[in-house]
Amino acid sequence: VDLLDLPVRVEGRGDYTAGVYRALRAAIADGRLQPGDRLPPTRRLATELDLARNTVAAAYDRLTAEGFVTGRAGAGTFVTAAVRSALPARPTRRARGVLAPRRSWTAEPATPRSTGTPPRHDFRVGVPDAGLFPFDQWRRYVADQQRAGAGRPGSYAEPAGHPQLREQIARFIAAGRAVHADPEDILVTSGAQQAVDLIGRVLLDPGDVVAVEEPGYPPVRQLLASLGARVVGVPVDESGLVVESLPAAARLVYTTPSHQFPLGTPMTLARRTALLAWAQARDAAVIEDDYDSEFRFSDRPLEPLHVLDPVGRVLYVGTFAKTLLPSLRVGFVVAPPSLRSALRAAKQLSVSHTPVATEAALGAFMADGLLARHLRAARRAYRRRRADVVRALTAELADQLELVPSSAGLHVSARLRSGDAERAEAVAAAAAERSVAVDTIGQYCAGPAQAGFVFGYGALRDGTAREGLTRFRLVLTRSGRRR
Ligand SMILES: Cc1ncc(COP(=O)(O)O)c(C=O)c1O
């Protein structure tokens, strides 16, 4: 414990011993010194405080006599374990304070559920399997970037992101998604979330209308609202976002066309074309969040909106949260040149740049073909798990659940045929008690809850889908009988 800053006040007639005693007692009382902590040797503290050693030793004696500390021969003087009960209770709550956040910050977003023991049957959405991640390889790339002199660590870097990483992202999306972008059009971000944040900052004025899918991805809805936008939910049907229902005034549309979040429905080509025509007619921008389409399980390619956009209205957002790990916090946006400098400026003003070592490591990792290799293995694993989930859902639960067709991503969803959204919530809660974690469609609705479930298979253990869904079916059937 460093007590260099110990404020020793001397009151009265220069009673230094009392001053040292009070200062140490205060440090014990407010928790700076914890039970078991060792006090500095008297000689050292005396030197630091410019006092005689005896003065400090006398203070220690008094603390010992009163039971706050104990001397152990040859080891030093330690704060006693029972010290808390000897002291007046420390106020446990600090004053609440008089300041209030703006209204959009009064509701907290759902907290990430990555802590605690994972449930036995983990069908949670949006969680890739960290067990598939090539940690040993990755560690070498990161370590390489932590050498002195790598990436000029003593200075700030470009807000747009590490050049090699941007180049690799350009190649990656050209090969995998047919999205052709100049590396200069790519801005590396701290996940897809920051990409949407920056786009919102440069495109929206307070009060502007933004359209999002309903059901949809809450973090984006809440983020856009926090920027002062009026966020309007637009329904999704079996062809994707219902373009006819878009509010005429929308400046910006946020959509997940490859694998609608959370339903999974791919947007049909007709709808994609209609959406772009709509945006063109209204002078609006479109965010295409392509968050998990690297995991595609059909032969039919899902052509991104970006590919169909000849004029530069679509901002293509990608993330490595599913292909690698969410905690890496690396994503990107492909923006038209007309927004290039504004987006870079917004990034610079909010975070300067994303951590260079991670960016550089990822660029080299991709250049060496390791992302592609990891993806091949991950795709195989997820394809198996997905097939298991779909098989179990159609074999055992088809009487109660209707699978929503989809062909990509790390989750599938199913509507509850009875249409009872309250029941869906109750079933998910009861399943959680039996260690089966399932999301509901309702939890992704801003308006009236829709009845159904979302089954993620990213974190699911191999070969356990059937057992997990059998347990789930028991809970579901029981809840049906009770009604
Ligand atoms: C629709 C959608 N977009 C983006 C993301 C990933 O966001 P980020 O890259 O900020 O982790 C997710 C993750 O669950 C998602 O579901």
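When reading the values below, keep in mind they use all heavy atoms of this one structure, side chains included, and skip hydrogens, waters and symmetry mates. Just follow the structure's listing: the first ligand is 1, and inside any ligand the first atom is 1.
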Is the shortest heavy-atom distance from the side chain of Thr354 to the side chain of Thr358 under 4.5 Å? no
Would you call the rings of Phe295 and Tyr382 parallel, tilted or perpendicular, taking 30° and 60° as the class edges? perpendicular
So, is Gln193 polar-close to ligand 1, with some N/O to N/O distance under 3.5 Å? yes
Using the six-membered ring wherever Trp is involved, compare the ring planes of His259 and His411 and label them parallel, tilted or perpendicular (cut-offs 30° and 60°). tilted
Can we call the ring centroids of Tyr217 and Tyr444 under 6.0 Å apart? no
When you compare ligand 1 with Ala321, is there at least one nitrogen or oxygen pair between them that comes in under 3.5 angstrom? no
Contact check: Ser190 vs ligand 1, nitrogen or oxygen atoms, below 3.5 angstrom: no
Can you report which non-hydrogen protein atom sits closest to atom 12 (C) of ligand 1, along with the distance? Tyr217 OH, 3.3 Å
Considering non-hydrogen atoms of the protein only, which is the closest contact for atom 8 (P) of ligand 1, and what is the distance? Ala192 N, 3.4 Å
Do any nitrogen or oxygen atoms of Lys322 come within less than 3.5 Å of a nitrogen or oxygen of ligand 1? yes
Sort out for me which residue in Lys347, Arg344, Arg166 forms a salt bridge (Lys or Arg N to Asp or Glu O under 4.0 Å) with Glu158. Arg166
Residue, atom and distance of the protein heavy atom nearest atom 4 (C) of ligand 1 read Asp289 OD2, 3.4 Å
Close approach, Tyr444 and ligand 1, non-hydrogen under 4.0 angstrom: no
Phe123 and His121 aromatic ring geometry - parallel, tilted or perpendicular at 30°/60° bounds: parallel
In the protein, what heavy atom is nearest to atom 11 (O) of ligand 1, and what distance, to one decimal place, separates them? Arg329 NH1, 2.8 Å
For ligand 1, is any non-hydrogen atom under 4.0 Å from Gln194's backbone (N, CA, C, O), its side chain (CB onward), both, or neither? neither
